[in-house]
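Reading through the structure tokens given below for one structure.
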Amino acid sequence: MIGAEVLSPQSLTLGWLIYLPVVIWAICRAPWVELFTDRRRQHLLFGTVFALFMLWLVRRDFDTGVSYHFIGMTAVTLLLDWPLAIVGGLVAQAGLVLLGRQDLDAAGVNGALFILLPVLVTECCAILVERAQPRNPFVYIFVSGFFAAALSALLCLLLALTLLWWDELFAMPYWLEDFIGYLWLIIFPEAFINGMIISALVVFSPEWLETFNRTRYLSAPWNDDDPKS
């Protein structure tokens, strides 16, 4: 998470220009009718927003104007699908702003980096998995869960560092070339948290996952095409 003091006015404006239209699009595409009539979906949405809010509160603030916390948007996207995932992330982010834990001016940049980007990466991975139509649920777990979360964390870090370097308001460390080694300490926990959540949901409550094809993944072996039958 990036503070407004280390971002230029141009970057702050660009962040809002990217974030706001996508949020409006997600609100228009969200299944509000199904959400209002399905209490299970309501509970999932409210519980997800609360979990995101608590996860983002557990963070490490640095004096330089940046903060580190886990993202968690990969599991949210697979659980709610991308429109409600963006809406849920927006509500959780608004809670941080109201508590003074995030700058309102930088909410556009932070939303674009740590909400929209992970949702986009996860959605692309889920679409690729669906096009391949695998029957093994471990493909869904590892590609859409573990890999998508790891890739999201990597891209978020690289784009955030690039933005800070471009604005030249953040004191970049002289050991930046050694930062590659520390990436694993950030990427692996992000992948592990999201992957374990998705694994548990696939095993115990697959009907909660909007992006999980239960008909294909959980079909009985005797439903497969058998030339002997």
Side-chain angles (χ1 to χ4, degrees), residues 19 22-58 69-99 111 114-149 152 190-221 223:
Y19 190 42
V22 180
V23 167
I24 295 173
W25 185 33
I27 293 175
C28 295
R29 292 292 302 273
W32 296 111
V33 175
E34 292 84 352
L35 182 64
F36 290 141
T37 57
D38 190 350
R39 183 162 296 182
R40 179 185 61 86
R41 275 194 173 186
Q42 297 174 14
H43 291 166
L44 286 177
L45 178 60
F46 297 150
T48 300
V49 170
F50 178 76
L52 270 182
F53 177 73
M54 297 303 297
L55 179 66
W56 291 350
L57 280 179
V58 181
H69 62 76
F70 294 111
I71 304 172
M73 288 302 300
T74 295
V76 174
T77 304
L78 298 177
L79 184 65
L80 301 176
D81 209 358
W82 72 266
L84 286 181
I86 294 177
V87 173
L90 173 66
V91 175
Q93 186 184 28
L96 294 180
V97 173
L98 291 176
L99 287 181
F114 306 115
I115 296 178
L116 299 188
L117 182 59
V119 169
L120 175 62
V121 172
T122 305
E123 186 69 16
C124 290
C125 290
I127 291 174
L128 291 177
V129 170
E130 276 302 303
R131 286 183 178 178
Q133 294 190 352
R135 287 182 173 270
N136 194 331
F138 288 103
V139 176
Y140 174 86
I141 293 173
F142 283 103
V143 177
S144 299
F146 285 93
F147 176 75
S152 298
E190 182 71 31
F192 181 80
I193 292 174
N194 288 270
M196 287 297 99
I197 293 175
I198 297 303
S199 300
L201 290 174
V202 168
V203 173
F204 297 106
S205 300
E207 68 278 3
W208 289 7
L209 293 165
E210 293 292 335
T211 58
F212 186 75
N213 192 326
R214 289 177 291 163
T215 303
R216 185 175 71 250
Y217 287 119
L218 303 181
S219 61
N223 289 338

Specify the closest pair of heavy atoms between [X] and [Y], including all atoms of both residues, with the distance to one decimal.
| X | Y | value |
| --- | --- | --- |
| C125 | A148 | SG-CB, 3.9 Å |
| I71 | P118 | CG2-CG, 3.8 Å |
| A85 | L80 | N-CB, 4.2 Å |
| L45 | G88 | CD1-CA, 4.4 Å |
| G145 | I198 | CA-CG1, 4.5 Å |
| V139 | P134 | CG1-CG, 3.7 Å |

Query - Selection residues 83-98 - residue pairs positive for side-chain hydrogen bond (donor to acceptor under 3.5 Å, both in side chains), sequence neighbours left out - result: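 side-chain hydrogen bond (donor to acceptor under 3.5 Å, both in side chains) check on residues 83-98 returns Y19-Q93, Q93-Q102.
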
Would you give the length of the straight line joining atom [atom1] of [X] to atom [atom2] of [Y], rounded to the nearest 0.5 angstrom?
| X | Y | atom1 | atom2 | answer |
| --- | --- | --- | --- | --- |
| I86 | I24 | CD1 | CD1 | 12.0 Å |
| T48 | L79 | OG1 | CG | 4.5 Å |
| I127 | T211 | CD1 | OG1 | 10.5 Å |
| M73 | L120 | CE | CG | 11.5 Å |

Close side-chain approach of [X] and [Y], heavy atoms under 4.5 Å:
| X | Y | answer |
| --- | --- | --- |
| F53 | L99 | yes |
| L218 | P206 | yes |
| H69 | L55 | no |

**Report entry** Those residues that, when tested against A51, pass side-chain contact (heavy atoms from CB on, under 4.5 Å) (two or more places apart)
**Finding:**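 None.
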
Query raised in the report: Residues in side-chain contact (heavy atoms from CB on, under 4.5 Å) with L117, at least two apart?
Result: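 For L117, the residues satisfying side-chain contact (heavy atoms from CB on, under 4.5 Å) (neighbours in sequence not counted) are V121, L155, C156, L159.
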
Can you list every salt bridge (charged side-chain N to carboxylate O under 4.0 Å, His left out) pair that touches [range], not counting sequence neighbours?
| range | result |
| --- | --- |
| residues 35-57 | D38-R40, R41-E210 |
| residues 117-130 | E130-R216 |
| residues 74-93 | none |

Tell me every residue that passes side chain to side chain donor-acceptor pair (under 3.5 Å) with [X], counting only those two or more places apart in sequence or in another chain.
| X | answer |
| --- | --- |
| T77 | none |
| S152 | none |
| E190 | N194 |

Query raised in the report: When you look at I27 and W32, which way does the side chain to side chain contact (heavy atoms under 4.5 Å, CB included) test go after all the steps?
Result: CA-CA 9 Å; I27 293 175; W32 296 111; 4.1 Å; yes

Requested in this report: Using the test ring-ring contact (aromatic ring centres under 6.0 Å, His included), find all partners of W25 that sit at least two apart in sequence or belong to another chain.
Outcome: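 Listed in chain order: W82.
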
Query raised in the report: For F142, what residues pass the ring-ring contact (aromatic ring centres under 6.0 Å, His included) criterion, not counting sequence neighbours?
Result: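 By the ring-ring contact (aromatic ring centres under 6.0 Å, His included) rule, F142 matches F146.
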
Query raised in the report: Are any side-chain N or O atoms of S144 and backbone N or O atoms of I141, one a donor and one an acceptor, separated by less than 3.5 Å?
Result: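 No, S144 side chain to I141 backbone: no donor-acceptor pair under 3.5 Å.
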
Query raised in the report: Under the ring pair (Phe, Tyr, Trp, His ring centres under 6.0 Å) rule, what pairs show up with a residue in residues 191-213, not counting sequence neighbours?
Result: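 Residue pairs passing ring pair (Phe, Tyr, Trp, His ring centres under 6.0 Å), neighbours aside: Y140-F212, F212-Y217.
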
